[in-house]
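Contents: one structure, followed by commentary.
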2 protein chains.
Amino acid sequence: MRMTRQRKVLLEIINQAANPLSAEEIMQQAHLQDPSLALSTVYRTLEKMLEMGLCQQIRFQDGLARFEQAGLVHHHHLVCTACGRREAVPTCPLHQIQQQLETASGYKITYHEINLYGLCPDCQKKLATEKSSHA
Amino acid sequence: MRMTRQRKVLLEIINQAANPLSAEEIMQQAHLQDPSLALSTVYRTLEKMLEMGLCQQIRFQDGLARFEQAGLVHHHHLVCTACGRREAVPTCPLHQIQQQLETASGYKITYHEINLYGLCPDCQKKLATEKSSHA
DNA sequence: ATACATGCAAATTGTTTGCGGGCAG
DNA sequence: CTGCCCGCAAACAATTTGCATGTAT
């Protein structure tokens, strides 16, 4: 992979990110360093990085493509349905039963994703406060 | 919910489907019974059905919104990465550890999705055949 | 030097919306 | 009768693509 100025910036952003970013978010961050970087470059670079296994794509309920560094410890995602906050969950309950699933289904499973949705601690508090003030 | 001709058709399709269907697929099926049914009607009806809890939305890696009947037994999905075939998996490894996850994260988890990707038995066979014919 | 990457703009694709007429309750 | 629903066409948003130019190797 040819190492252009733009690609360095994008790689850096992906690798620093604490959670999966959309193409738009990536471009916004990139613009801090290189305001002329085009959205199509973001997409093309991400595509290349996907092919090369440098990042992976995630989709939550909103259907937006988000991207995160590959090669992290295996993990899943927790999304707050109120504020949109996303975080990684290091636990994976699937490994233990993946073998059984393969046997039962006849599939050769290569990949899986688990997304959890709920209210983050902050939004739970906010909600509780709102309720009591209405009383 | 007002029971129009179109909605009867759409409800029927969702409820009969063996796996989640995209809006386009739903419209194609609907056209067998009512060729003038518009795609926007499909979307608006699905939206309404979502609100009323009559169906739910799923997204696989391709990012397309797919819809399936709600109120089925809790289950997840297995998608063949070669032919796109999708099927339901009745197993769910999360219930047992959901409580732990809530405690660990502080989230109140309301919903989760698990998608498994791999090769279905047929595509495994096809692949094996291709390989041997190349030898 | 040359192939590959970029920026820009236009094209596609999936989904949503505005409007005038139609139909279920 | 009345408000909700429909079909159609236009609007939108996310993503992809074509093309002329720039640049890493």
Name the closest nucleotide to the A/Ala23 side chain, picking from D/dG7, C/dC8, D/dT15. D/dT15

Once you round it to whole Å, what is the distance between P of C/dG14 and CD1 of B/Ile26? 14 Å

Name the closest nucleotide to the B/Tyr43 side chain, picking from C/dC8, D/dT23, C/dT15. C/dT15

With heavy atoms under 4.0 Å as the rule, sort A/Lys8 into base, sugar-phosphate or nothing. nothing

For D/dA24, take OP1 and OP2 only and decide whether either is under 4.0 Å from a side-chain N or O of A/Thr4. no

For C/dA5, does OP1 or OP2 lie under 4.0 Å from any side-chain N or O of A/Arg7? yes

Is there a donor and acceptor pair closer than 3.5 Å between the side chain of A/Arg5 and the base of C/dG7? no

What integer distance in Å separates B/Leu50:CG from C/dT16:C1'? 14 Å

Using atom types as modelled and distance alone, determine if a side-chain donor or acceptor of B/His31 lies under 3.5 Å from a backbone N or O of B/Leu37. yes

Nearest-angstrom distance from the residue atom CG of B/Leu37 to P of D/dC5: 14 Å

Taking for each residue the nucleotide of DNA chain C bearing the nearest heavy atom, is the 5' side occupied by B/Ser22 or by B/Met3? B/Ser22

Expressed as a whole number of angstroms, how long is the span from A/Glu24:CD to D/dA13:P? 11 Å

Using atom CD of B/Gln6 as one end and atom C1' of C/dG21 as the other, report the distance to the nearest whole Å. 14 Å

Please report the closest heavy-atom contact between B/Ala23 and B/Leu39, naming both atoms and the distance. O-CD1, 4.0 Å

Please answer: with hydrophobic residues joined when any side-chain heavy atoms are less than 4.5 Å apart, are A/Leu72 and A/Leu54 in the same cluster? no

Answer yes or no: side-chain N or O of A/Arg2 and base N or O of D/dT23 forming a donor-acceptor pair under 3.5 Å. yes

Taking CE from B/Met1 and P from C/dG25, how many angstroms apart are they, rounded to a whole number? 11 Å

Length of the line joining A/Arg59:CZ and C/dT15:C1', which is rounded to integer Å: 14 Å

Have B/His112 and B/His74 got a donor and an acceptor in their side chains that come within less than 3.5 Å? yes

Give one of base, sugar-phosphate or nothing for A/Leu64, where a contact means two heavy atoms less than 4.0 Å apart. sugar-phosphate

Under the 3.5 angstrom rule, does the side chain of A/Arg7 hit a backbone N or O of A/Arg2 as a donor-acceptor pair? yes

For the base of C/dC8, is there a side-chain donor-acceptor partner from A/Ser40 under 3.5 Å away? yes

B/Lys48 NZ - D/dC4 C1' separation (whole Å): 8 Å

